[in-house]
Asks: 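One structure, as structure tokens, below. Some questions next.
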Amino acid sequence: MKGIRVRFAPSPTGKLHIGGARTALFNWLFARSNKGKFILRLEDTDLTRSSEDSARSIMEDLQWLGLNWDEGPDKGGSFGPYRQSERLPVYRKYLQKLLQENKAYYCFCSAQELRAEREKAQQEKRDYKYSGKCRSLSKNMIKKHFQEGKKAVIRLKVPDTGQTVVDDLIRGKVEFANTLFDDFIIAKSDEWPTYNFAVAVDDYTMNITHVIRAEEHLSNTPKQMLIYEALGFQVPHFAHVSMILAPDRSKLSKRHGATAVEEFRNEGYLPESLVNYLALLGWATGKDKDFWDVEEMIRKFRLEDISRSPAIYDKKKLSWMNGHYLRRINLSRIVSLLEKEAQAKGWLEKDVSQEYFGRVVDLVRSRAKTVNEILDHAAYFFEEFDSYDEKGVEKYFCKDNSLDILYKALEIIEESPSFTAGELEESLRLQAEKMNIKAADMIHPVRLALSGRTATPGLFEVMEILGRSRCISRVKKAIEYIKKH
RNA sequence: GGCCCCUUGGUCAAGCGGUUAAGACACCGGCCUUUCACGCCGGUAACAGGGGUUCGAGUCCCCUAGGGGUCACCA
């Protein structure tokens with residue numbers, strides 16, 4: 001398809017949510033796979049809730065995910081400005097047009113009046129619809145109201161016959177009877193447009209060809225179409241993506257743990273695994289394939305392959321996927337992600353080399369699901385510890401021959417010529433044989449002595465990286481510990 | 001409540017009138033082994049319910065139920 005333009009239009013009132021991230025991703029994929037443009041627009045007409053901080057963090061998160069935009073508030077473009085708060089003149093122009101053509105009208109009903117009417121309707125169990133009281137106010141009346149200093153909103157004249165049908169690319173035709181809608185407000189009394197009006201005008205003036213957004217907007221779509229119609233605009237294509245739900249099928253919120261992209265980043269998830277996981281949450285090609293790089297996704301992406309049913313996100317699968325990427329990416333990337341934290345822990349002081357740090361990270365990475373977990377697995381390579389795993393002590397330090405084993409191990413450590421994993425293993429196995437015990441019976445106590453833990457990477461690699469002197473002191477320390485207890 | 005959308009294992013999902021109803025995560029076994037992780041092998045587990053249409057229905061139609069969304073001078 002030619003000349004495709006899509007947009008992601010968050011309102012900067014908080015962090016980027018994984019649901020938002022996924023609709024941004026689908027937009028981006030659609031644009032990239034069709035050689036179209038991906039536009040970022042900030043819907044910040046609610047000046048009390050919008051903030052510059054939110055705007056910045058949303059843009060950072062999108063960038064972190066690799067969802068770069070072609071036009072947007074920070075980089076401009078020929079259809080700007082890209083923040084609604086800067087587009088008042090545009091809205092005014094179209095509002096004027098509707099007013100002049102008598103397709104919209106000023107309404108002087110106060111918010112209090114309207115609320116009372118709504119409450120009354122509710123009590124009587126009737127559906128509330130605006131009465132249309134101001135629909136045919138005379139020019140003189142309008143002038144008079146304004147002269148009295150009254151504030152007015154602008155309402156759209158909605159036809160009370162016929163129907164509006166949304167031809168949705170994902171859901172097919174969805175019909176709405178026009179009688180469902182009242183003359184809804186398109187401009188507030190402070191002259192700012194309401195959401196539906198701003199969206200319609202922006203999507204049209206920015207030449208958006210496909211509106212891909214969350215399903216929660218499906219019910220708003222006919223209203224926007226009514227606006228398009230009144231304005232004489234041609235409607236874009238619509239595609240409504242289902243929502244992401246919490247594990248209990250309710251709407252995803254903070255109480256369900258991490259929901260913001262930023263939190264996933266801080267927890268040590270990689271952008272490529274988040275993108276991969278999010279893409280699969282609602283998009284399936286029919287091919288049996290779990291791991292996708294963006295190039296492949298771009299090649300295969302089609303709106304028709306997006307699921308209509310809502311998806312519950314499963315952090316365990318995300319973690320599994322993240323672990324997969326963690327094992328595959330360049331070591332240097334993990335190292336640089338970890339450096340700051342390691343620095344803060346005092347792990348990279350004077351005598352610790354980059355190389356040592358890298359070797360440790362590489363050794364433990366396959367045990368971790370997140371970047372942060374790597375640090376947990378690596379701790380004993382950088383810090384002394386003062387307690388041993390309790391069950392381990394019971395199993396490996398309290399046997400009759402425990403001391404004997406550690407003394408023999410100490411000898412090997414002290415006398416090993418090369419101190420390499422291979423050679424250490426050979427000597428230790430030989431020693432076990434001489435003592436007529438299983439190699440495992442030596443390995444476990446030594447592991448506990450060196451790490452304080454019962455689970456570590458292969459012992460001999462751990463030894464090699466730890467180095468001779470540290471191994472000696474730790475085994476000695478363990479011997480002392482056993483003697484004392 | 002009105003309107004709209006959705007409904008295949010615990011989760012993501014394939015399926016597009018005829019299949020022993022894939023696969024992945026999770027879970028449970030086993031193998032590997034030096035513990036853990038990885039990897040490999042195997043297992044448990046699903047068409048929400050009821051009516052139609054059809055020789056034949058997870059696939060088409062209707063109803064019911066459940067879930068979600070939306071009905072603001074929020075977006």
Side-chain angles (χ1 to χ4, degrees), chain A residues 9-13 43-46 48-50 84 107 109-111 114-115 118 122 125-129 151-155 166 168 170-171 174-177 179-182 184-196 198-199 214-223 240 242-243 245 247-251 277 280-291 307-321 323-324 327 364-369 377 392 395-396 425 428-429 438-444 446-448 451 453-460:
Chain A
S11 61
T13 55
E43 310 220 322
D44 57 350
T45 52
D46 184 346
T48 54
R49 293 201 305 147
S50 299
Q84 292 188 328
C107 167
C109 299
S110 71
L114 296 173
R115 195 173 331 123
R118 191 166 17 237
Q122 208 165 46
K125 302 215 166 184
R126 300 183 345 249
D127 284 337
Y128 168 77
K129 276 171 74 175
K151 295 276 188 196
V153 299
I154 300 174
R155 290 180 184 270
V166 181
D168 192 281
I170 295 174
R171 279 151 219 283
V174 184
E175 304 174 354
F176 297 86
T179 50
L180 252 27
F181 311 110
D182 62 1
F184 57 89
I185 294 172
I186 54 179
K188 310 176 219 174
S189 53
D190 62 6
E191 296 187 74
W192 283 93
T194 56
Y195 165 74
N196 286 123
V199 165
E215 191 192 334
E216 55 186 318
H217 295 291
L218 182 54
S219 305
N220 279 318
T221 306
K223 289 188 185 174
H240 288 91
S242 65
M243 320 228 341
L245 266 26
D248 63 356
R249 304 207 127 266
S250 67
K251 196 171 175 177
Y277 179 72
L280 258 35
L281 207 60
W283 174 66
T285 54
K287 289 260 186 297
D288 188 26
K289 183 173 162 61
D290 290 308
F291 296 103
S307 164
R308 281 177 294 278
S309 50
I312 295 170
Y313 99 102
D314 177 17
K315 202 167 181 181
K316 283 198 172 149
K317 187 159 185 176
L318 206 211
S319 292
W320 163 78
M321 193 163 258
H324 166 94
R327 266 171 260 128
V364 302
R365 75 204 282 196
S366 74
R367 273 106 186 140
K369 298 282 191 224
H377 289 293
K395 276 167 86 176
Y396 308 124
E425 175 162 17
L428 197 135
R429 284 187 189 280
K438 285 186 290 186
D441 293 333
M442 282 202 84
I443 288 169
H444 292 305
V446 175
R447 165 179 290 118
L448 186 62
S451 67
R453 307 181 183 195
T454 55
T456 72
L459 179 67
F460 306 106

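All values reported here derive from a predicted model rather than from experimental measurement. Lettering follows sequence order; numbering is per chain, from 1.
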Asks: Among A75(B), U34(B), A14(B), find the nucleotide with the atom closest to the side chain of Ser11(A).
Replies: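 Nucleotide nearest to Ser11(A)'s side chain: A75(B).
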Asks: Counting side-chain heavy atoms from CB outward, which of C3(B), A75(B), U34(B) is closest to Thr194(A)?
Replies: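 Selected nucleotide: A75(B).
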Asks: What nucleotide among U34(B), A24(B), C73(B) has an atom nearest to a side-chain atom of Trp320(A)?
Replies: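 In terms of side-chain proximity for Trp320(A), the closest of U34(B), A24(B), C73(B) is A24(B).
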Asks: Which nucleotide, C12(B), A37(B), C6(B), lies nearest any side-chain atom of Ser309(A)?
Replies: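 From the listed options, C6(B) comes nearest.
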Asks: The side chain of Gln84(A) is closest to which nucleotide in this list: A13(B), C73(B), A75(B)?
Replies: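 The nucleotide sitting nearest to the side chain is A75(B).
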Asks: Which comes earlier along RNA chain B counting from the 5' end, the contact point of Asp182(A) or that of Tyr313(A), where each point is its nearest nucleotide?
Replies: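 Result of the comparison: Tyr313(A).
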Asks: Surrounding CZ of Arg453(A) (heavy atoms of other residues, nucleotides or ligands, distance under 6.0 Å), is the total greater than 12?
Replies: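 Counting neighbours around CZ of Arg453(A), more than 12 heavy atoms of other residues, nucleotides or ligands fall under 6.0 Å, so yes.
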Asks: Calculate the interatomic distance between Lys251(A) atom NZ and A75(B) atom P; express it in whole Å.
Replies: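 Value for this atom pair: 15 Å.
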Asks: Quick one: label Val153(A) by what it contacts on the DNA or RNA (base, sugar-phosphate, nothing), any heavy atom closer than 4.0 Å.
Replies: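 It contacts base atoms.
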Asks: Taking C-beta and beyond as the side chain, do Thr221(A) and His240(A) meet within less than 4.5 Å on heavy atoms?
Replies: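 Answer yes - side chains close enough.
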Asks: Paired with C38(B) by Watson-Crick or G-U wobble geometry, both distances under 3.5 Å: which nucleotide is it?
Replies: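 Base-paired to nothing in any strand shown.
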Asks: Under 4.0 Å, heavy atoms only, any strand: does Thr456(A) hit a base, just the sugar-phosphate, or nothing?
Replies: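 It contacts base atoms.
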Asks: Have a look at Arg365(A) and say if it touches a base, only the backbone sugar-phosphate, or nothing, with a 4.0 Å heavy-atom cut-off.
Replies: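 No contact.
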Asks: Within this structure, what is the CG-to-C1' distance between Asp288(A) and U19(B), rounded to whole angstrom?
Replies: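 Nearest whole value for this atom pair: 16 Å.
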Asks: Looking at A24(B), does its base get a donor-acceptor pair with the side chain of Lys317(A) below 3.5 Å?
Replies: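 Between A24(B) and Lys317(A), which were checked side chain against base, a qualifying N/O pair under 3.5 Å is present.
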Asks: Given G10(B), G23(B), A75(B), which nucleotide is nearest the side-chain atoms of Tyr195(A)?
Replies: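 From the listed options, A75(B) comes nearest.
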Asks: Looking at Phe291(A), is its backbone amide N or carbonyl O close enough to the side chain of Lys289(A) to form a donor-acceptor pair, meaning the two atoms are under 3.5 Å apart?
Replies: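 Looks like yes, one N/O pair under 3.5 Å.
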Asks: Can you tell me which nucleotide in C5(B), U34(B), G10(B) comes closest to the side chain of Val174(A)?
Replies: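 Output: C5(B).
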Asks: Among the nucleotides G69(B), U34(B), A75(B), which one has an atom lying closest to any side-chain atom of Ser219(A)?
Replies: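 Selected nucleotide: G69(B).
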Asks: Separation of Phe184(A) atom CZ from C74(B) atom C1', in whole Å?
Replies: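 It is 15 Å, rounded to the nearest whole Å.
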Asks: If you look at every strand shown and take non-hydrogen atoms under 4.0 Å, does Arg126(A) touch a base, only sugar-phosphate, or nothing?
Replies: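 Result for Arg126(A) = nothing.
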Asks: Starting at CE of Met321(A) and ending at C1' of C12(B), how long is that distance when rounded to a whole Å?
Replies: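 So the two atoms are 10 Å apart, to the nearest Å.
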Asks: Glu215(A) near the nucleic acid: base, sugar-phosphate alone, or nothing, with a heavy-atom cut-off under 4.0 Å?
Replies: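 Answer is base: heavy atoms of Glu215(A) come under 4.0 Å of a base.
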Asks: What is the nucleic acid contact for Glu175(A), judged by heavy atoms within less than 4.0 Å: base, sugar-phosphate only, or nothing?
Replies: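 The answer is sugar-phosphate, as Glu175(A) gets under 4.0 Å only of primed atoms, P, OP1 or OP2.
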Asks: Using purine N1 to pyrimidine N3 plus N6-O4 or O6-N4 for Watson-Crick, or N1-O2 and O6-N3 for G-U wobble, both under 3.5 Å, which nucleotide pairs with C3(B)?
Replies: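 C3(B) is paired with G69(B).
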Asks: Looking only at atom types and distance, does a side-chain atom of Tyr277(A) sit under 3.5 Å from a main-chain N or O of Asp314(A), one as donor and one as acceptor?
Replies: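 It does hold such a pair.
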Asks: Looking at Lys315(A), I'd like to know if its NZ atom is crowded, meaning that more than 12 non-hydrogen atoms belonging to other residues, nucleotides or ligands lie closer than 6.0 Å.
Replies: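 Yes, NZ of Lys315(A) has more than 12 neighbouring heavy atoms, counting only those of other groups under 6.0 Å.
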Asks: Classify the nucleic acid contact of Gly286(A) as base, sugar-phosphate or nothing, counting any heavy atom under 4.0 Å across all strands shown.
Replies: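 Sugar-phosphate contact only.
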Asks: Sort out the partner of U53(B) for me: Watson-Crick or G-U wobble, both distances under 3.5 Å, none otherwise.
Replies: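 In the structure as shown, U53(B) has no Watson-Crick or wobble partner.
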Asks: Does Asn196(A) form a side chain to side chain donor-acceptor pair (under 3.5 Å) with Thr194(A)? I'd like the steps, not just the answer.
Replies: CA-CA 6 Å; Asn196(A) 286 123; Thr194(A) 56; 5.6 Å; no
Asks: Base, sugar-phosphate alone, or nothing: which one does Leu180(A) contact when heavy atoms must sit under 4.0 Å apart?
Replies: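 Since only primed, P, OP1 and OP2 atoms lie under 4.0 Å of Leu180(A), the category is sugar-phosphate.
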Asks: Starting from C1' on G10(B), measure out to NZ on Lys316(A) and report it in whole angstrom.
Replies: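 It works out to 10 Å between those atoms.
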Asks: In terms of side-chain heavy atoms of Ser250(A), which of G68(B), C73(B), G10(B) is nearest?
Replies: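 Closest nucleotide among those given: G68(B).
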Asks: Over all strands shown, is Lys369(A) touching base, sugar-phosphate only, or nothing at heavy-atom distances under 4.0 angstrom?
Replies: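 Here Lys369(A) touches the backbone only, sparing every base.
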Asks: When we call it a touch if two heavy atoms are under 4.0 Å apart, what does Arg249(A) touch: a base, just sugar-phosphate, or nothing?
Replies: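 If one applies the 4.0 Å heavy-atom cut-off, Arg249(A) turns out to touch the sugar-phosphate alone, with no base involved.
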Asks: Side chain of Arg367(A) only, heavy atoms from C-beta on: which candidate in A37(B), G69(B), U34(B) is closest?
Replies: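 Taking heavy atoms from C-beta onward, the closest nucleotide is A37(B).
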Asks: Heavy atoms only, 4.0 Å cut-off, all strands: where does Pro10(A) land among base, sugar-phosphate and nothing?
Replies: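 The residue Pro10(A) makes no contact with any strand.
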Asks: What's Arg171(A) touching, base or sugar-phosphate or nothing? Going by heavy atoms closer than 4.0 Å.
Replies: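 Sugar-phosphate: the residue Arg171(A), judged by heavy atoms under 4.0 Å, touches backbone atoms but no base.
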Asks: When we call it a touch if two heavy atoms are under 4.0 Å apart, what does Ser50(A) touch: a base, just sugar-phosphate, or nothing?
Replies: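 It contacts nothing in the nucleic acid.
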Asks: Can you tell me whether the side chain of Arg327(A) and the base of C38(B) have a donor-acceptor pair closer than 3.5 Å?
Replies: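 No pair found.
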Asks: Would one find more than 12 heavy atoms of other residues, nucleotides or ligands at under 6.0 Å from atom NZ of Lys395(A)?
Replies: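 No, because the 6.0 Å sphere around NZ of Lys395(A) holds 12 heavy atoms or fewer from other groups.
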Asks: Any side-chain to backbone donor/acceptor pair from Arg118(A) onto Tyr128(A)? Under 3.5 Å, distance only.
Replies: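 No.
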Asks: Distance check: side-chain N/O of Arg453(A) vs OP1/OP2 of C36(B), anything under 4.0 Å?
Replies: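 Checking C36(B) against Arg453(A), no side-chain N or O comes under 4.0 Å of OP1 or OP2.
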Asks: Between Asn196(A) (CG) and U70(B) (P), how many Å, whole number?
Replies: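 To the nearest whole Å, that distance equals 12 Å.
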Asks: Mind checking who U19(B) pairs with, Watson-Crick or G-U wobble, both distances under 3.5 Å?
Replies: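 Paired with U19(B), as far as the under-3.5 Å criterion goes, is no nucleotide at all.
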Asks: Whole-Å distance between C16(B) C1' and Arg308(A) CZ?
Replies: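 Result: 10 Å.
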Asks: Flag the pair Asp46(A) / Tyr195(A) as yes when at least one side-chain heavy-atom distance between them is below 4.5 Å, and no otherwise.
Replies: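 Of all side-chain heavy-atom pairs linking Tyr195(A) with Asp46(A), none is under 4.5 Å.
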Asks: Do Ser242(A) side-chain and C6(B) base share a donor-acceptor contact under 3.5 Å?
Replies: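 A donor-acceptor contact between them is absent.
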Asks: Would you mind classifying the nucleic acid contact of Cys107(A) as base, sugar-phosphate or nothing, using non-hydrogen atoms under 4.0 angstrom?
Replies: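 No contact.
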Asks: Return the value, rounded to whole Å, for the distance between atom CE of Met243(A) and atom P of U11(B).
Replies: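 Rounded to whole Å, this separation is 18 Å.
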Asks: Can you tell me if Lys188(A) touches the phosphate of A75(B), counting only side-chain N or O atoms and a distance under 4.0 Å to OP1 or OP2?
Replies: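 Lys188(A) to A75(B) OP1/OP2: side-chain N or O found under 4.0 Å.
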Asks: Starting from the 5' end of RNA chain B, give me the residue, Ala368(A) or Ile312(A), whose nearest nucleotide shows up first.
Replies: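 Nearest nucleotide further toward 5': that of Ile312(A).
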Asks: Determine the interatomic distance between C1' on C6(B) and the same-named atom on C38(B); round to the nearest Å.
Replies: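 It works out to 38 Å between them.
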